[in-house]
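Before any comments, here is the structure.
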Protein chains: 2
Amino acid sequence: MDSKIETLPEQKKTEPQSLHLRILHDVESKIVSGAWAPGFRIPFETEMAKDYGCSRMTVNKALTQLTRAGLLERSRKSGTFVKAPQSLSAALEITNIRDEVEKAGKTYSYRLLSDNPNASRPDFLSCLGASAFCDIRKVKCLHFADGVPFCFEERIISRNAVPEVDAASFEQEAPGAWLFKTVPWNSAEHQISACAATGEAAEFLDIACGTACLMVERITQNSKGYVTWARLSYPGEQHRLFAKFTPTG
Amino acid sequence: MDSKIETLPEQKKTEPQSLHLRILHDVESKIVSGAWAPGFRIPFETEMAKDYGCSRMTVNKALTQLTRAGLLERSRKSGTFVKAPQSLSAALEITNIRDEVEKAGKTYSYRLLSDNPNASRPDFLSCLGASAFCDIRKVKCLHFADGVPFCFEERIISRNAVPEVDAASFEQEAPGAWLFKTVPWNSAEHQISACAATGEAAEFLDIACGTACLMVERITQNSKGYVTWARLSYPGEQHRLFAKFTPTG
DNA sequence: GAGCACCATATGTATAGACATAATAAAGAT
DNA sequence: ATCTTTATTATGTCTATACATATGGTGCTC
């Protein structure tokens, strides 16, 4: 209780106490931030052990767990590689609508509806703490399956978090697919709801106003902050989200 | 191509090659099957090491990973315990609708609509390979939030997989809640879709036919086979499924 | 009985060493 | 040139050991 000015604790937030957890989080953040992009061969166990001044087993423990979590791919002799973020939860990962359509045996096509490369901050996002979405590109597009409207997509991309977006064209390629291959690991929040189709959505999807729609809203972020927001509207009862869960996966 | 009768391969399916994986799967199956129920104190590391004739570290590796996966809870001195299957995927785990309603600050109530303890096999499930659902109990019920219909539930419970169901009453307690505390670990498949309310559902939910509904269908199984099927219908746009995903969780 | 010091114990972490295994690369034989 | 053998290398697994740490239990004191 004396008046001595105390220095702040060393650890920023929740600095892991054990070494293998620290290594695990170090590697994870390098991957999530994009410093180690998918396909990159990360240092060998022996190298990291030397860097951290610890035994190989300690590094091994961290890397083994990241492999189980799906962030890494390892093979003998070749080394350890950052895995492509292909399945951020198997079923709800609907980034690539093309795959979704083609897996159903249908022909995919795509049309850009509108593209505002320098839009102002939207108002409907204020509730989400997404104040980071101030300098954005705003895109609307439509996905077709066998020529029939399959999904109406409204998307916002942060120009701060993804500077490369200025050079991208969404005439031929959907923003979702472009982001998927451009932005490294990230985390996502989904909201799924049913709604009655209104105005724009009904018009583009070519369905009557009031028809039941499945709506998926997703906010994606990585270490640089909020990356993108998307609202996907699927018409009628034709679409189903499928998810399977087991304890260990 | 000769006519010699071959013996089946020793291993049933994919017998893990390494010891710590074998231990991991042994423990997991004991938990999933219910042999080790939630709360049960599993043998100490040293005991299991002796049983398997291996070092404690090998057992530790298996148990540590099961702990990360959420199947176990460990504490020093006390031992290792089977965890309650509380979050088989955080957001989509909607087994307990009461919690869901009360978390939204509303008052929960429940009403049993119909109960057929000895129903015949339903036809609409044939596509799911759920031929195990032949001897079933069929229940319909309604969940309320502040007195307003919140969710219409149709449920089928396998009397083979859950023999105890014959003694259960669903007058006061919803079948979902009863199953949650009765049946041990399991895996689940979800299908989420939007639909227009029809007939029964519209009537009980007190909404107009054609109103958009969020429909969640779930099939649950454990080591004894298919346990239960449920269809939950949420009226209008009032309900949202929320899910957050990060690489490691 | 309440409070306290102390011990026993199960997990948590880390290590150095050992050998297995798979995949690549290099050297050798045909 | 192509096939084969061999060596190299990084990961995969396992051990025996060591000490740290949290915590339930025991017994002591007051």
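Every value quoted in this text rests on a predicted model; they were computed, and no experiment measured them. Below, read A as the first sequence line, B as the second, and so on, with proteins coming before strands; counting in each chain starts at 1.
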Between CD1 of A/Ile42 and P of D/dA10 the distance, given in whole Å, is 13 Å
Letter by letter from the 5' end, nucleotides 15-23 of chain D scores (B base, S sugar-phosphate only, - none; protein heavy atoms under 4.0 Å) BBBB--BBB
Residues in side chain to side chain contact (heavy atoms under 4.5 Å, CB included) contact with A/Ala145, at least two apart in sequence or another chain: A/Val101, A/Lys106, A/Phe150
Set of side chain to side chain donor-acceptor pair (under 3.5 Å) partners for B/Tyr108, sequence neighbours left out: B/His143
Which residues share a side chain to side chain contact (heavy atoms under 4.5 Å, CB included) with B/Lys61, sequence neighbours left out: A/Asn60, B/His20, B/Gln65
Can you tell me how far P of D/dT9 sits from CD of A/Glu47, to the nearest Å? 13 Å
Qualifying residues under side chain to side chain donor-acceptor pair (under 3.5 Å), relative to A/Ser169, sequence neighbours excluded: none
Gap between atoms CZ and P, on A/Arg41 and D/dT9 respectively (whole Å): 14 Å
Can you tell me the distance, in whole Å, between the NZ atom of A/Lys61 and the P atom of D/dT11? 18 Å
What residues form a side chain to side chain donor-acceptor pair (under 3.5 Å) with B/Ser78, not counting sequence neighbours? B/Ser75
Using atom CZ of A/Arg68 as one end and atom C1' of D/dG12 as the other, report the distance to the nearest whole Å. 14 Å
In whole angstrom, what separates A/Glu45's CD from D/dT9's P? 16 Å
Look at all strands and tell whether B/Thr80 reaches a base, only sugar-phosphate, or nothing, counting heavy atoms closer than 4.0 Å. sugar-phosphate
For a 4.0 angstrom threshold against heavy atoms of chain A, report the outermost contacting nucleotides of DNA chain C in 5' to 3' order. C/dT13 to C/dT24
Backbone N or O of A/Asp146 within a donor-acceptor pair of the A/Thr107 side chain at under 3.5 Å? no
Donor-acceptor pairs are to be reported for all side-chain atoms of residues 170-177 of chain A against protein atoms at under 3.5 Å, with residues two or more places apart or in another chain.
unit_1: A/Glu173; atom_1: OE2; unit_2: A/Lys181; atom_2: NZ; d: 3.0

Can you name the side chain to side chain contact (heavy atoms under 4.5 Å, CB included) partners of B/Lys77, sequence neighbours left out? none
